[in-house]
Each structure stands twice: as structure tokens, then as C-alpha cells.
Amino acid sequence: MFHSIEKQLSHAFRAHIQARYGIDLPIAVEQPRQSDFGEMAVAAAFQLAKQLRQAPRKIAAELAAEIGPIEGVAGMEVAGNGYINIRLDRGAYAFGLLRGDAQAPIARDDKIIVEHTNINPNKAAHIGHLRNAALGDTFVRMLRARGQRVEVQNYIDNTGVQVADVAVGFHHLENKNAADVKALIADASVRFDYYCWDLYARISGYYKDHPESLRWRAAALHAIEAGEGDLAELAHAVADAVVEAHLATMLRLGVEYDVLPRESEILHLRFWASAFELLKERKAIYLESAGKNAGCWVMPGLSEEGKVIVRSDGTVTYVGKDIAYQLWKFGLLGKDFFYRPFKTYQDGRVLWITTDDPAAEPGRFGHGSRVYNVIDARQSYLQDVVVAGLRGLGYDEQADQSIHFSYEMVALTPRSCADLGIPLSEEDKKRSIVEVSGRKGLGVKADDLMDTLIAKAREEVDSRHPEASAGERGRIAAQIAIGALRYFLLKFTRNSVIAFDLQEALSFEGETGPYVQYAAVRARNILRKLEERGERSPDFAAELGREALARQLQAEDFWQVLLAASKADSAVDRAVTAGEPAHVAKYAFQVAQAFNNFYHQYPVIHEENREKKVFLLWMTDFFRAQLERTAAILGIEIPDYM
RNA sequence: GCGCCCGUAGCUCAGCUGGAUAGAGCGUCUGGCUACGAACCAGAAGGUCGGGUGUUCGAAUCACCCCGGGCGCACCA
């Protein structure tokens, strides 16, 4: 509702300015600094002032006088040096909300691909991975809330160095063969992804002390690539088991995927060979004849020496494969995976995985019109190489539609390491922040963090609701803990480094997920209490007319609070444009805050005046709906009680 | 050396793409549970927006230069 008036206003001004002054100007609708200035403001007069060589205030007066009536707008006034402040028709606005006028999002045919999570399947997930998944998943929910078709991909690098390293660890450090590892995976008393976490740190340390053992890695990579022998079998068993663990971890957070494209299929289906031909044919890469890159296929332009894509021994670098993969996402490779269903989520969504078996299903994924790669900021150079690759092939449009959805890392402070019992080197102790490192086994495991949060929420729930069953208390504690975690990961904007603080992450008060949940629970409680008292929830549309709404909304308090709650679409829209899930989180908090204030000030059920009571109930129900919707976009569930 | 990110209240962070008197949470202090359960609400204190120069009607926001912190810049991924 708010959003559609914003758009109407913007169009009306743009058209009027075009007709009146012959200037085409995109009009931004702003929010006035103070609420008594009105609900919206247009600053177009400032932009016009320069071109028209007239005082902004004079132009603003002209605009306001001449633009004519706009639906839903009750008045305009010129303020300050040239602002046009807009006042809405409160009764009409509320009546529109009550009737549910918010227009359905426009369904689009084109598909957006969002790739996120992408964890190397060789060890347990840590908080850094959680930030990636929470950002990616929330952005997907934001896009879908706007009616956009979205495909979620979680790329699995099951043949890479990191998996090879753990395979080497099993083989050389623990003398285990594929059968032993499979037995370990089947052993319910062992958390296999945690086991690998430790083993990965061990083998990394071993390489450091015994550099000559790096040939084990090379041999393992070779075996995995050939897909033959016990070591390859072992590596696949590791990757498959760890992928399952990651999917389970992410499901706890409410994160689901559509397809798992795997590196092994990119290899077996020879994606790279096709990309290589394209790159050579269109001269996006060249064979270097001299210098330090002699004998390599190099992509020029990114640095003086260019970026090596194919090594002098003929093997392709990771970026090369990534270019092939990016081409596939746009449907430009001329090759496709085969797919089989991998699992079905509780909500019925089917997760597919790639396969090289031609008997399986062909093309149902890829062919995106835009691609978001949720990858941390440290990899921006490589993302630039991939985009340069598309450009080199002449795919400028797709290059423009390749978006590196980058975010800064989650780091630990030396203090939080001490709290968590993580030992640090003397060097690290002096730093302001310490990078999470799988290689060093340094970090907070995702499942451990969730367990800690759930235990803390459980204490709170237990003390408040001793009468509830243990199972129910557990379920609610989990909802609260996950709400707290998702909000914590989302409240920071993407390019802010999160210095992880356990105390802060564990907080359920103030600007947190549980605060938002609590407001929604309170709204539900009012409506439930009403029915417990034997009263029916009124038929709002029948009892509240436009005049009644206008009458009640003369109270500034009610109007401000309703206004705040009605801006969800506008907030999501801005957040999508800015690429910032944090904006949605902030908005959810503000709505919750407005409701908590309303809740405290106005007893709804005990209101004596019938019209006012129905109005307050409607406000409560509207808040509830908006809070639930916004929380759902953040992936936060609302518990039955708190 | 080159490139990217960050620097805003004691702490952690917003600041809607250049607009009106710079905001929030935490912490501190004061007050509020016989209302729909206080995981809440109200109020107070707290700022040279790292520093400087410029661009213009207007700069936390844009440009340039410093200072401080972080991250990249492989025939690793």
C-alpha cells in the first residue's frame, strides 16, 4: 500500500515535470525527517533548480500547485528550502489496507539464480558458513516475496584440494581404507563432520612440518580426478557424508536448496573442454610464449602478466572451471548436467543433485537471466576473473548480470577465543581480530553454536512455562535460538566484518530475533485471549468503514504505528535494490518496537468503546500479519508462546 | 608496491545511493508489573561522523591526500 502510493507519486511527478519543463528526471520519494512534516517528501525542486536557474522553493510551489490530485494524497505543502511534503488520506489509506489492496507481485518469467553456501565438503560447517547461508537464503526469500522466480544452487566441490587433504589424512595418518571410513561414517557414535574437522587441521599441520608429503596431495587429486582406486572411493565417501551433514546443519537454520551441482560432474561431463574451445576460438585467452607464464593459457587484462587459466602441464585452474560453470548457469555452455532427485524437504520442495548418468533427467536447471554468487569478499579477484571471462567471450549482457554478492568474513576477537577456550598463537593474541581458519581448526562450529543457543533458550522457556511438555519446550527453545542466530547474522550490513562475540550472539533482548518474535507472540496472545473470554474476533471489514478508520486515525499515535507496519513491501523493495538483507531485519525490529509500544499503551481487550475496540483489534491483527510476513522473509519462525 | 573494504555515542552497529535538528541496541543512571505475562515500556546522560583539502544552494554520504585497522594481488581453491 505504502509502496504503491510511493510509486504512483513518483510517476505522477516524473510525468508532470516532463510535460511542464521538458526534463526527464527519476523522482525519489523520501521520508521526511520529522513525522509531523507528513508521510512522504519529494525533493525534485532541488534537482530542477540548477537546470531551470530558479530558486528551489519557487519551483516546489509551482509543482505543488499544478500537479493536480493524486489518489490517496490528501495534501501537499512546500517546506524548508524546497521540499514538497505529502500528507496521505488516512481513512482511505487504512481502508485500503483493511481490504487487502496491496497488489499482487508481478509474476515474471525470467529466472534468477542464487548460489550460496558452497562449503568444501571436508569438515563441519562454521559460523562463517552460516553467515553465507543466512545471507543467501534471506536474499532468496526477499526475491521470492517480490514474486521473482528463483533457483537456489549449492555448489559442491567434491573433487578439490580440501577433500583430497582429508582423504590423505585418513589414508596416510590413520591408515584407513575406504571400507574403514565407510564404517566410521556408519558409526552413530561418531560425528563424522567433526572428526574430519580435526583430521583436516592435523593433515594441514603435517604438511607444514613435512613439506615433502605434499606429493600425497598431488597423488590423491590425481586419483580422485581419474575416479579410480581405493583413495578415490574414500574421498567420495568423505564428501558425500559431509554434504549430508552440511544439509542437516543448514536445515536447522531453515535453509533449503533446489539443486546441488557437483564438481565431479563438471569434470566427467567435460564442461571445461567446451569452455576451453570457446575461450580459444573467441580469443579470450592466449598461449603465452615467454616470461614466467610461458606455456600457459592466459587471460589478459586483469594484471600485467594476466591470469593463468590453463597451467603449462595442461591442467585447468579452479577459475577456469568456474568460468565453465558460470557459462552453464546462463545456458551458454552448450552442455548440461543430468539430474536425479536427492531428497524431499518437509514442505514438499525437492532437492536435486547432478549426475553424469544419461539415463537420468536432463535439463531443468540453469538458464538464469541473472546470477548472484554469494561468496565472501576475499574472493572478489577471482569473481572478477570469471566476469572478465564472460566479457572476453562477448557475453557482455551476462557479464553485467553476474553479481558477486560479497560479504565480509566472520572473525573472532582474541577475547572471544579466550571465552570459547580456543588456543591462540602469541602472534594472533596481539591482533584486533583473528580469522576463522579450517586449516588451523580455529573457529566455532555451526552446530555447536546452535546447541549452545538452544540450551540457553531452553532455560528461559523452562522457567517461564514449567507446565508445558518437554517436547514442546524443546521445539520453542529451538525456534527462539534459531531466530536469535539468524537475526544476529543478518543485522550487520554485508561489508561489515563481524567480530563474533558469544555474549552478543546469545542475547535475546534488544535488537534481536526474539524481540521480533515476542512482539508477534504478544499480538497473537491478544487475539487468543479474546476468544478465551468467549468473544468472537470481529468482522473488521463489516464493522470498520472508511469514516470510522479516519476518526480513529486522527490520533497521531495510531497513525504513526499503522504507517510503520504498512511499509513492509517498501522496505523489502529497497532492501532488494540495495542487496541488503540487513535492511529487512532493521525494518522488522522497528515494526516490533512500534507494536510493543502500542501494546503497552493501549489495553485492547478491555477497551469499552466498541468502535475503538474493533479498531484496536484490527490494528493488532494487522501488526501480527505484517510481523509474521517480515519474519518469514528473514527465515524466523514465530513460536506459539514465549 | 598495486587493488578492495572499514573508521559515526563507552561498546556493537544503522544512516534509504547528496537533503531538513546525525539514529538504534547494549552498557550506565532514573522510573514502571492488580491490564493482553517485564524476553517489555518510558525517561536521562552520552557526537569535532579518524584528520585535512576540495566539489555546491547543501557533505557522515562524492573526489583527492594523509593516519589507523582488515583483506586480497599463485601454474592453491
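We name chains A, B, ... by the order of the sequence lines, and we start the count at 1 in each one.
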Mind checking if A:V461 touches a base, just sugar-phosphate, or nothing, with heavy atoms under 4.0 Å? base
Taking B:A20, B:C75, B:C71 as options, the one with an atom nearest any side-chain atom of A:M409 is B:C71
Partner of B:C62 under the Watson-Crick or G-U wobble criteria, both distances under 3.5 Å, comes out as B:G54
Only residue of A:I127, A:I498, A:T512, A:L453 satisfying side chain to side chain contact (heavy atoms under 4.5 Å, CB included) with A:F488 is A:I498
Item to complete: Assign A:A571 to base, sugar-phosphate, or nothing according to its heavy-atom contacts below 4.0 angstrom with the strands shown.
Response: nothing
Considering only heavy side-chain atoms of A:Y381, the closest of B:G72, B:A39, B:C16 is B:G72
query: When we call it a touch if two heavy atoms are under 4.0 Å apart, what does A:A294 touch: a base, just sugar-phosphate, or nothing?
result: base
Does A:D165 contact B:A77 through a side-chain donor or acceptor facing the base, at a distance under 3.5 Å? no
**Message:** Contact between A:H116 and A:N154 at the side-chain level, heavy atoms closer than 4.5 Å - yes or no?
**Reply:** no
Counting any heavy atom closer than 4.0 Å, what does A:Q34 reach on the DNA or RNA strands: base, sugar-phosphate only, or nothing? base
Between B:C40 and B:U48 - C1' atom distance, rounded Å: 37 Å
Should A:E408 and A:R378 count as an ion pair when the cut-off is N to O under 4.0 Å? no
Expected label for B:U17 (glycosidic angle, syn inside 90° of 0, else anti) would be syn
**Asked** Phosphate oxygens OP1/OP2 of B:G37: is one of them under 4.0 Å from a side-chain N or O of A:K529?
**Response** yes
Exercise for the section: Please check if any side-chain donor atom of A:Y407 sits under 3.5 Å from a side-chain acceptor atom of A:N132, or the reverse. Expected result: yes
query = Can you check whether A:Y487 and A:Y515 have ring centres sitting under 6.0 Å from each other?
reply = no
| message | B:C26, OP1 or OP2 - any side-chain N/O from A:Y515 closer than 4.0 Å? | response | no
Among the nucleotides B:A77, B:A38, B:A14, whichever has the atom closest to the side chain of A:R522 is B:A38
From CG of A:L221 across to P of B:A77 the rounded distance in Å is 9 Å
Regarding the side chain of A:E511, the nearest nucleotide among B:C41, B:C13, B:A24 is B:A24
Would you say A:R464 places a side-chain N or O within less than 4.0 Å of OP1 or OP2 belonging to B:A39? yes
It should be established whether A:N597 places a side-chain nitrogen or oxygen under 4.0 Å from OP1 or OP2 of nucleotide B:C41.
no
Rounded to whole Å, CD of A:Q590 lies from P of B:G23 at a distance of 13 Å
Under 4.0 angstrom, heavy atoms only, what part of the nucleic acid is A:V497 near: base, sugar-phosphate, or nothing?
sugar-phosphate
Considering every strand and a 4.0 Å limit on heavy-atom distances, what is the contact class for A:D157: base, sugar-phosphate, or nothing? sugar-phosphate
To the nearest angstrom, the CD-C1' distance between A:E509 and B:A38 comes to 10 Å
Using a cut-off of less than 4.0 Å, is there contact between a side-chain N or O of A:Y318 and OP1 or OP2 of B:A77?
no
query = Between B:G15 and B:U8, how far is it from one C1' atom to the other, in whole Å?
reply = 9 Å
The nucleotide from B:G15, B:U21, B:A39 with an atom nearest the side chain of A:H583 is B:G15
### Query
Do A:E225 and A:T159 have side-chain atoms, one donor and one acceptor, less than 3.5 Å apart?
no
| field | Under-4.0 Å side-chain N/O to phosphate OP1/OP2 contact, A:R431 with B:C71 | value | yes
Quiz item: What about A:S312, does its side chain sit under 3.5 Å from the base of B:C75 through a donor-acceptor pair?
Solution: yes
Separation of B:G3 atom P from A:D384 atom CG, nearest Å, is 14 Å
Taking B:G25, B:G70, B:C41 as options, the one with an atom nearest any side-chain atom of A:F589 is B:G25
(message) In whole Å, measure the gap between the C1' atoms of B:G18 and B:U55 for me.
(response) 11 Å
Out of B:C16, B:A20, B:C5, minimum distance to the side chain of A:N495 belongs to B:C5
So what does A:L530 hit on the nucleic acid, given a heavy-atom distance under 4.0 Å: a base, only sugar-phosphate, or nothing? nothing
Taking atom P in both B:A9 and B:A14, what distance in whole Å separates the two? 13 Å
- Task: Take atom P in B:G37 and the same atom in B:C29, then report the distance between them in whole Å.
- Result: 30 Å
With the side chain defined as heavy atoms from C-beta on, A:N85 is closest, among B:G32, B:A20, B:C75, to B:A20
From the candidates B:A39, B:G23, B:A77, the one with an atom nearest any side-chain atom of A:R33 is B:G23
For B:G3, the nucleotide meeting Watson-Crick or G-U wobble distances (both under 3.5 Å) is B:C71
Worksheet entry | Under-4.0 Å side-chain N/O to phosphate OP1/OP2 contact, A:Q601 with B:A35 | no
Per atom distances to the A:T493 side chain, the nearest of B:G25, B:G15, B:C71 is B:G15
Sugar-phosphate, base or nothing in reach of A:S496, heavy atoms under 4.0 Å: sugar-phosphate
Rounded to whole Å, the CD-C1' distance (A:E460 to B:G37) equals 14 Å
Result for 5'-nearest mapping on RNA chain B, choosing between A:A377 and A:Y602, is A:Y602
Next item on the list: With the side chain counted from C-beta on, respond yes when A:Q34 and A:P32 share a heavy-atom pair under 4.5 Å apart, and no when they do not.
Entry: no
Nearest-nucleotide check on RNA chain B, A:M642 vs A:H606; residue mapping nearer the 5' end is A:H606
Open item on the list: For a quick check of understanding: with a heavy-atom distance under 4.0 Å over all strands, which category does A:F492 fall into, base, sugar-phosphate or nothing?
Closed with: sugar-phosphate
Mate of B:G46 across any strand shown (Watson-Crick or G-U wobble, both atom pairs under 3.5 Å) is none
With a 4.0 Å cut-off, would you call A:R536 and A:E531 a salt bridge? no
- request: Sticking with atom C1', work out how far B:A44 lies from B:G51, rounded to a whole angstrom.
  value: 32 Å
So side chain to side chain donor-acceptor pair (under 3.5 Å) across residues 212-221 of chain A, not counting sequence neighbours, yields A:D165-A:R217
